[in-house]
Q: 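Sharing a structure here in structure tokens format.
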Amino acid sequence: MSYTIRKVEPNELALLLPLMKDCFGMEVDVSYFQWKFLDNPAGSFVGFAAFHEESGDCAGYYGVIPEQYVVDGKPSIIFQSGDTMTHSKHRRQGLFFKLATACYQYLEAQSNLFVIGFGGGQSTPGLEKLGWRHLFPIRYFGIPRLVCTAYKGLDKITGKKYQFQQKNTHNLATELAAN
């Protein structure tokens with residue numbers, strides 16, 4: 001099978017909807033991606049998609065979203081890998097590697113190649129093939145949906161806005177220097 005790989009533009013987020021359904025069983029609309037990809041206070045996403053040349057279908061997606069960090073006392077933008085998807089009809093074609101490589105080359109050309117990821121069972125082996133390293137373990141934190149729902153209602157009652165924020169004291173620069 002032949003594919004064309006290109007950068008996804010902000011007005012093309014609807015291309016990702018069939019992939020979300022096929023890969024994660026989620027029926028979402030474009031607003032699902034709007035804040036995370038476009039209205040993110042750290043900046044806009046960078047993503048690449050593979051298009052099957054015969055059908056024109058969007059076969060896969062790999063992208064990164066910017067996040068704000070402080071590295072060595074300086075505010076920095078680091079990109080987080082996420083929302084990687086390959087349609088079930090197009091797996092085993094090397095699309096993950098091709099899309100990630102295109103994304104990293106683009107970031108490097110923009111002098112922004114610093115990507116972190118929190119791989120799952122399917123993505124970790126692919127990231128390791130790309131040369132990613134495990135720097136340190138990350139504990140996953142979550143707030144139960146019921147608690148979030150209760151807090152969302154509190155702002156209507158009290159007039160105050162509630163925001164959850166985790167304080168991380170891990171020194172990323174030290175970890176990078178050690179590896």
Side-chain angles (χ1 to χ4, degrees), residues 1-71 74-91 93-120 122-124 126-127 129-132 138 140 142 145 148 152 155 161 163-166 168 172:
M1 288 195 246
S2 296
Y3 298 90
T4 300
I5 297 191
R6 69 170 174 79
K7 188 173 180 292
V8 174
E9 298 302 326
N11 63 344
E12 296 181 301
L13 296 179
L15 292 170
L16 306 180
L17 303 182
L19 290 175
M20 286 294 289
K21 176 69 172 159
D22 182 70
C23 296
F24 301 116
M26 295 174 60
E27 290 202 31
V28 300
D29 61 25
V30 174
S31 66
Y32 176 84
F33 297 105
Q34 184 69 36
W35 183 87
K36 182 167 53 168
F37 283 13
L38 301 177
D39 298 335
N40 180 343
S44 187
F45 80 113
V46 174
F48 282 78
F51 296 89
H52 184 245
E53 288 185 2
E54 193 172 303
S55 67
D57 292 341
C58 183
Y61 172 81
Y62 180 90
V64 295
I65 54 174
E67 296 178 345
Q68 298 172 339
Y69 288 85
V70 175
V71 178
K74 296 185 303 190
S76 302
I77 296 293
I78 295 175
F79 289 87
Q80 180 180 329
S81 173
D83 295 308
T84 300
M85 302 174 275
T86 302
H87 195 281
S88 57
K89 294 179 188 175
H90 301 280
R91 293 189 181 138
Q93 303 298 314
L95 294 180
F96 174 81
F97 184 83
K98 292 172 186 172
L99 290 166
T101 300
C103 189
Y104 301 157
Q105 288 173 346
Y106 177 86
L107 290 171
E108 189 171 34
Q110 307 295 315
S111 300
N112 285 326
L113 184 57
F114 193 116
V115 180
I116 60 172
F118 304 93
Q122 287 185 305
S123 60
T124 297
L127 293 171
K129 286 180 186 176
L130 288 166
W132 284 52
I138 299 285
Y140 292 98
R145 185 177 297 198
C148 292
K152 280 176 98 172
D155 65 346
K161 295 274 185 200
Q163 181 178 0
F164 293 97
Q165 184 174 359
Q166 177 188 344
N168 184 352
L172 184 58

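Side chains are part of it too, since the values below use all heavy atoms of this structure and drop only hydrogens, waters and symmetry mates.
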Q: Got a sec, which residues hit side chain to side chain donor-acceptor pair (under 3.5 Å) with Ser31, two or more places apart in sequence or on another chain?
A: Asp29

Q: Heavy atoms, side chains only, cut-off 4.5 Å: are Leu15 and Tyr61 in contact?
A: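 No, too far: nothing below the 4.5 Å cut-off.
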
Q: If you take all heavy atoms of Ala102 and Ile5, which pair is closest and at what distance?
A: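 It is CB-CG2, 4.1 Å.
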
Q: Please name the pair of heavy atoms, one in Phe24 and one in Thr84, separated by the smallest distance, quoted to 0.1 Å.
A: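 That closest heavy-atom pairing would be CZ-O, 3.9 Å.
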
Q: What pair of heavy atoms forms the shortest contact from Thr86 to Asp22, and how long is it?
A: O-OD2, 4.3 Å

Q: Taking side-chain contact (heavy atoms from CB on, under 4.5 Å) as the test, write out the residues that go with Asp39, two or more places apart.
A: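 With neighbours one apart ignored, the set is Gln34, Trp35.
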
Q: Restricting to salt bridge (Lys or Arg N to Asp or Glu O under 4.0 Å), what partner residues turn up for Asp57, sequence neighbours left out?
A: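 Applying salt bridge (Lys or Arg N to Asp or Glu O under 4.0 Å) to Asp57 gives none.
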
Q: Please identify each residue that fulfils salt bridge (Lys or Arg N to Asp or Glu O under 4.0 Å) with Glu53, with sequence neighbours left out.
A: none

Q: Shortest non-hydrogen contact from Cys58 to Ala49?
A: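 Closest heavy-atom pair between Cys58 and Ala49: SG-CB, 3.9 Å.
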
Q: Can you list everything that forms a side-chain contact (heavy atoms from CB on, under 4.5 Å) with Ser76? Sequence neighbours excluded, please.
A: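 So Ser76 forms a side-chain contact (heavy atoms from CB on, under 4.5 Å) with Val71.
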
Q: Mind checking side chain to side chain donor-acceptor pair (under 3.5 Å) for Lys21 and listing every partner two or more places apart, or none if nothing turns up?
A: Glu27

Q: CD/Glu12 to NZ/Lys7 distance, rounded to the nearest 0.5 angstrom?
A: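 Going from CD on Glu12 over to NZ on Lys7, the span is 9.0 Å.
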
Q: Quick one: CG on Leu13 to OH on Tyr32, what's the gap to the nearest 0.5 Å?
A: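 It comes to 12.0 Å.
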
Q: Using the test side chain to side chain donor-acceptor pair (under 3.5 Å), find all partners of His87 that sit at least two apart in sequence or belong to another chain.
A: none

Q: So, using ring-ring contact (aromatic ring centres under 6.0 Å, His included) as the criterion, who are the partners of Phe45 when residues are at least two apart?
A: Phe37

Q: side-chain contact (heavy atoms from CB on, under 4.5 Å) with Gln68: which residues, sequence neighbours excluded?
A: Ala42, Ile77

Q: Sequence neighbours excluded, which residues qualify as side-chain contact (heavy atoms from CB on, under 4.5 Å) partners of Glu54?
A: His52

Q: List the atom of Leu99, the atom of Gly60, and the distance in Å for their closest heavy-atom pair.
A: CD1-C, 3.5 Å

Q: Checking Lys89 now: which residues fulfil salt bridge (Lys or Arg N to Asp or Glu O under 4.0 Å) with it, not counting sequence neighbours?
A: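 Per chain and number, Lys89 pairs via salt bridge (Lys or Arg N to Asp or Glu O under 4.0 Å) with no residue.
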
Q: List the atom of Leu38, the atom of Ser44, and the distance in Å for their closest heavy-atom pair.
A: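 Heavy atoms only, the tightest pair is CD2-OG, 3.7 Å.
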
Q: List in chain and number order the residues that pass side chain to side chain donor-acceptor pair (under 3.5 Å) with Lys36, two or more places apart in sequence or in another chain; answer none if no residue qualifies.
A: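 In terms of side chain to side chain donor-acceptor pair (under 3.5 Å), with neighbours along the sequence ignored, Lys36 is linked to Asp83.
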
Q: Regarding Tyr62 and Thr101, do their side chains bring together a donor and an acceptor under 3.5 Å, going by distance alone?
A: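 No, no side-chain donor-acceptor contact under 3.5 Å.
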
Q: Does the structure place the NZ or CZ of Lys98 under 6.0 Å from the centre of the six-membered ring of Tyr3, at an angle of no more than 45° from the ring's axis?
A: no

